[in-house]
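Everything on this sheet refers to the single structure shown next.
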Amino acid sequence: MPELPEVETIRRTLAVHITDLRIKDISLKWPSAVSGWRDKDFKELVLGRQILALDRRGKYLLIHLDEEITLIAHMRMTGRLNYYPEPKEPDKHTHVVLTLERGEVHFSDVRKFGRIQAIPTSLCIQESSLSKLGPEPLDPQFTANMLRDRLAKKKVNIKGALLDQHVLAGLGNIYADESLFRAGISPQRPANSLTDEEIKHLHRAIQAVLQAGIDARGTSFRDYRDANGEKGQFEQALQVYGRGGHPCRICGETLERLRLAGRTTVYCPKCQK
DNA sequence: AATCATCCCTGATTGC
DNA sequence: TGCAATCAGGGATGAT
């Protein structure tokens, strides 16, 4: 599932191909995947626009167009944005095809949870779902003290707090589990029970895990692919995610699987306290 | 304000 | 082997 490192990889691989190109045609195979803004529909806002730059906020991909329009895309679990240099027949899960001056972008999603919205750029930050997001974990301005303050009022377990995009933007199930493992913190701990020392470790672990994920071009546990259809390489570096019942790579203890915040959670009962 | 349940979907996995 | 039930999961929404 695309989390911060995967969305960042999609952004980078897509930007190479589509920056500066104009959107010549739009085909909506499943119109529910897109939404416009006020009384203007998606096509009206997007058709003919030129792609200026690609940005990212948390797990949202932002495609800035001219005329002050921005596309906000979210892949949820199985969404993909693929670039094809030559015209290609859309597969059965492709919901939107953007035909560019050169090549096509296909937005597809097996589970139909992913969405693309067209919105005036100036409203991106204030009026969209991006407005309530927590800080960017890899932003130098995101400090351990900031993390401490944001966790201070949270009584839920730390796993649930890390998945809450209002606390921090971009962590999903994979990188939350991996961060907690690296920090040596049990996912069941109440978020507001962490010591300053533990929060420092967690802060460092989050940044290290996300950066390593980006460097490996993401985790392709199942569905994820970048804009070129390539898998990421981070799966082999995973310490806990998807490894419940297997031995801990550090101490050999059997990794435990449980359910927290409605998500499957894997951790090492010996390494994580 | 924080927390929790529900819903959206379909391919893969599990159960009988 | 075949079919049905269950599982997986991010975020919007509404209830508490």
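Predicted model, so just to flag it, every value in this text is computed and none were measured. Convention: sequence-line order gives letters A, B, ...; per-chain numbering from 1. What you see below is based on every heavy atom in this structure, not just the backbone, and it leaves out hydrogens, waters and symmetry mates.
Atom-to-atom, CG of Leu260(A) to P of dA8(C) comes out at 13 Å; the value is rounded to the nearest Å. Straight-line distance from the CD1 atom of Ile72(A) to the C1' atom of dG11(C): 14 Å, rounded to whole Å. For His74(A) and dC8(B), the NE2 to C1' distance is 14 Å, given to the nearest whole Å. Residue Leu162(A) contributes atom CG, which lies 13 Å from atom P of dG11(C) at whole-angstrom precision. The interatomic distance linking Phe113(A) (CZ) with dG11(C) (C1') rounds to 10 Å, in whole Å. In this entry the distance linking CE of Met77(A) with P of dC8(B) reads 14 Å, nearest Å. A straight line from CG of Leu130(A) to C1' of dA12(C) spans 14 Å, rounded to a whole angstrom. With rounding to whole Å, Leu151(A) atom CG is found 12 Å from dA2(B) atom P.
End-to-end axis angle for the helix from dA2(B)-dT16(C) to dC16(B)-dG2(C), using five pairs per end and rounding to 10°, comes out at 50°.
For dG11(C), one of the phosphate oxygens OP1 or OP2 lies less than 4.0 angstrom from a side-chain nitrogen or oxygen of Lys59(A). Not one side-chain nitrogen or oxygen of Gln165(A) sits closer than 4.0 Å to the OP1 or OP2 atom of dG10(C). Applying the 4.0 Å criterion to OP1 and OP2 of dA12(C), one finds that Tyr60(A) has a side-chain N or O inside that range. Using a 4.0 Å cut-off, no side-chain N or O of Lys154(A) falls inside it from OP1 or OP2 of dA1(B). Using a 4.0 Å cut-off, no side-chain N or O of Thr264(A) falls inside it from OP1 or OP2 of dC7(C).
Set against dC9(B), dG10(C), dA8(C), the side chain of Arg259(A) has dA8(C) as its closest nucleotide. Comparing dG9(C), dT3(B), dA12(C) against the side chain of Lys155(A) picks out dT3(B) as the nearest.
Across all strands, Asn173(A) comes closer than 4.0 Å only to sugar-phosphate atoms, never to a base (heavy-atom distances). Counting non-hydrogen atoms under 4.0 angstrom, Met1(A) reaches the backbone sugars and phosphates but no base. As judged by a 4.0 angstrom heavy-atom cut-off over every strand, Thr78(A) is placed among residues making no nucleic acid contact.
Residue Arg257(A) qualifies as open at atom CZ: its count of foreign heavy atoms under 6.0 Å is 12 or below. The 12-atom threshold is exceeded at NZ of Lys88(A), counting heavy atoms of other residues, nucleotides or ligands nearer than 6.0 Å.
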I'd like a table of atom pairs between the protein and nucleotides 10-12 of chain B - only N or O on both sides, under 3.5 Å - with the distance next to each one.
unit_1, atom_1, unit_2, atom_2, d
dT10(B), OP1, Lys112(A), NZ, 3.4

Problem - Working for side chain to side chain contact (heavy atoms under 4.5 Å, CB included), residues Leu202(A) and Ile158(A) - result: CA-CA 10 Å; Leu202(A) 181 57; Ile158(A) 185 64; 4.0 Å; yes
Practice task
With side chain to side chain contact (heavy atoms under 4.5 Å, CB included) as the test, would you mind laying out the steps for Asp164(A) and Val156(A) before giving the verdict?
Solution key: CA-CA 10 Å; Asp164(A) 185 344; Val156(A) 289; over 6 Å; no
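Between the side chains of Tyr175(A) and Thr219(A), at least one donor N or O sits under 3.5 Å from an acceptor N or O. Using modelled atom types, one finds no donor on one side chain facing an acceptor on the other under 3.5 Å when comparing Tyr224(A) with Glu235(A). Side chain to side chain, Asp91(A) and His106(A) fail the donor-acceptor criterion of an N or O pair below 3.5 Å.
Relative ring orientation between Tyr60(A) and His74(A) is described as perpendicular, the plane-to-plane angle rising above 60° on a 0-90° scale split at 30° and 60°.
Ion pairing between Glu3(A) and Lys59(A) fails under the 4.0 Å rule for side-chain N and carboxylate O. Using a 4.0 Å cut-off between charged nitrogen and carboxylate oxygen, Arg182(A) and Glu178(A) do not count as a salt-bridge pair.
Side-chain atoms of Arg263(A) and base atoms of dG10(C) include a donor and an acceptor less than 3.5 Å apart.
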